[in-house]
Amino acid sequence: MTNFAPKSTKMINSTREHLIDVARQLFARKGVDATTMGDIANASERGRRTVYTYFRNKKEVYAAVLESESAALVARLQATCDSGKPVEERLRDFLSVRLVQRRERSSAAASLRALFKPDLRRIGRIRSIVRTQAEEMLHALLAEGISAGRFDPSRCALLEGFALDCMHAMDIAGADTDVTGLAASADAMLDFIISDICVR
């Protein structure tokens, strides 16, 4: 009797991640409405049966893509916090990633902007997830800078009060704004923020 071993979790996760990546590219290029489950199956070279093994319908695929993209953005933010650079540089990198995603058109944020356009309800949900985690990271960076005597506590309190709202606004503007122009504006804003909160 042949003994069929179950598929490993690693293989299942790898296949699912591949399908999500293919769907993300199709959604960004063709739009969500114009992409079918058949398109995802063909582009992934896995077949319709495989796609339906992991996702019941396109709505589930879309949800998985958005969750994956938001997780990638949060991971990039966390990486800036954990980089080991001086706290001023980590704060600047954190704010830069949050503002313009390091000017990468292929970044998680660029993909999110393309995917977000047709679904305002989901935009709010995913941005809320990212925002909550970003607030915690920003608070930790500022607290570290204050504790080290590098940041002025009163200026940090003001910054924390409006920084994420500014970033949220620039996220929205970035959906239809030239990346180079947005990057220049962001650089000027970051220079001002860092110089303002540092102890003189």
Side-chain angles (χ1 to χ4, degrees), residues 17 20-21 23-25 27-29 63-117 119-120 122-148 150-152 155-198:
E17 287 166 11
I20 290 170
D21 185 55
R24 176 184 57 77
Q25 293 175 50
F27 290 161
R29 188 172 73 244
V65 167
L66 290 179
E67 286 163 14
S68 172
E69 291 295 298
S70 64
L73 176 53
V74 168
R76 293 185 69 194
L77 292 171
Q78 189 64 58
T80 66
C81 295
D82 298 338
S83 69
K85 295 180 181 178
V87 68
E88 297 92 336
E89 291 181 38
R90 280 184 284 138
L91 177 61
R92 195 182 202 290
D93 289 347
F94 174 89
L95 295 173
S96 177
V97 168
R98 192 71 186 92
L99 285 166
V100 291
Q101 311 314 315
R102 293 198 182 284
R103 307 154 177 77
E104 295 175 11
R105 288 186 180 275
S106 61
S107 70
S111 299
L112 282 173
R113 285 196 295 269
L115 292 167
F116 275 167
K117 287 183 180 181
D119 191 341
L120 294 176
R122 197 171 296 280
I123 292 170
R125 189 178 129 225
I126 300 299
R127 280 194 171 138
S128 176
I129 292 168
V130 174
R131 180 187 173 103
T132 299
Q133 295 181 59
E135 283 175 348
E136 293 170 1
M137 292 180 217
L138 176 61
H139 181 79
L141 280 172
L142 294 176
E144 181 184 339
I146 292 167
S147 177
R150 305 293 298 162
F151 296 161
D152 179 321
R155 303 309 296 174
C156 286
L158 290 173
L159 170 64
E160 198 165 11
F162 72 80
L164 290 164
D165 286 336
C166 290
M167 289 181 245
H168 176 67
M170 288 188 77
D171 265 348
I172 294 170
D176 299 303
T177 304
D178 173 69
V179 172
T180 304
L182 186 61
S185 298
D187 281 341
M189 180 186 289
L190 293 174
D191 289 342
F192 174 77
I193 288 171
I194 301 300
S195 65
D196 182 67
I197 67 169
C198 285

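Under the 3.5 Å distance criterion, the side-chain polar atoms of Ser96 are left unmatched by any main-chain donor or acceptor of Arg92. When atom types are taken as modelled, the side chain of Ser195 and the backbone of Asp191 share a donor-acceptor pair closer than 3.5 angstrom.
The shortest non-hydrogen separation linking Val65 to Ile20 is CG2-O, 3.6 Å. The two residues Val87 and Leu141 make their nearest non-hydrogen contact at CG2-O, 3.6 Å. Counting all heavy atoms, side chain and backbone alike, Glu160 lies closest to His139 at OE2-ND1, 2.8 Å. Taking all atoms of both residues into account, the shortest heavy-atom contact from Cys81 to Phe94 is SG-CD1, 3.9 Å.
Interatomic distance, CG of Leu91 versus CG of Leu138, reported as 6.5 Å (0.5 Å rounding). Atom CG of Leu190 sits about 9.5 Å away from atom CG of Asp93, to the nearest 0.5 Å. Considering CD of Glu17 and OG of Ser68, their distance stands at 7.5 Å, rounded to 0.5 Å. Once rounded to the nearest 0.5 Å, the distance linking CD1 of Ile194 with CG of Leu159 reads 8.0 Å. Separating the CD1 atom in Ile197 from the CG atom in Leu142 is a distance of 5.5 Å, to the nearest 0.5 Å.
Within the 4.5 Å cutoff, the side chain of Met137 has no heavy atoms near those of the Thr80 side chain.
Between Arg24 and Asp21 there is a salt bridge, with a side-chain nitrogen of the basic residue lying less than 4.0 Å from a carboxylate oxygen of the acidic one. Ionic pairing of Arg90 and Asp82 is not present here: no N-O contact between side-chain nitrogen and carboxylate oxygen is shorter than 4.0 angstrom.
Ile146 meets the side-chain contact (heavy atoms from CB on, under 4.5 Å) test with Phe151, Pro153, Cys156; sequence neighbours excluded. In this structure, the side chain to side chain donor-acceptor pair (under 3.5 Å) partners of Arg150, at least two apart in sequence or on a different chain, are Glu88.
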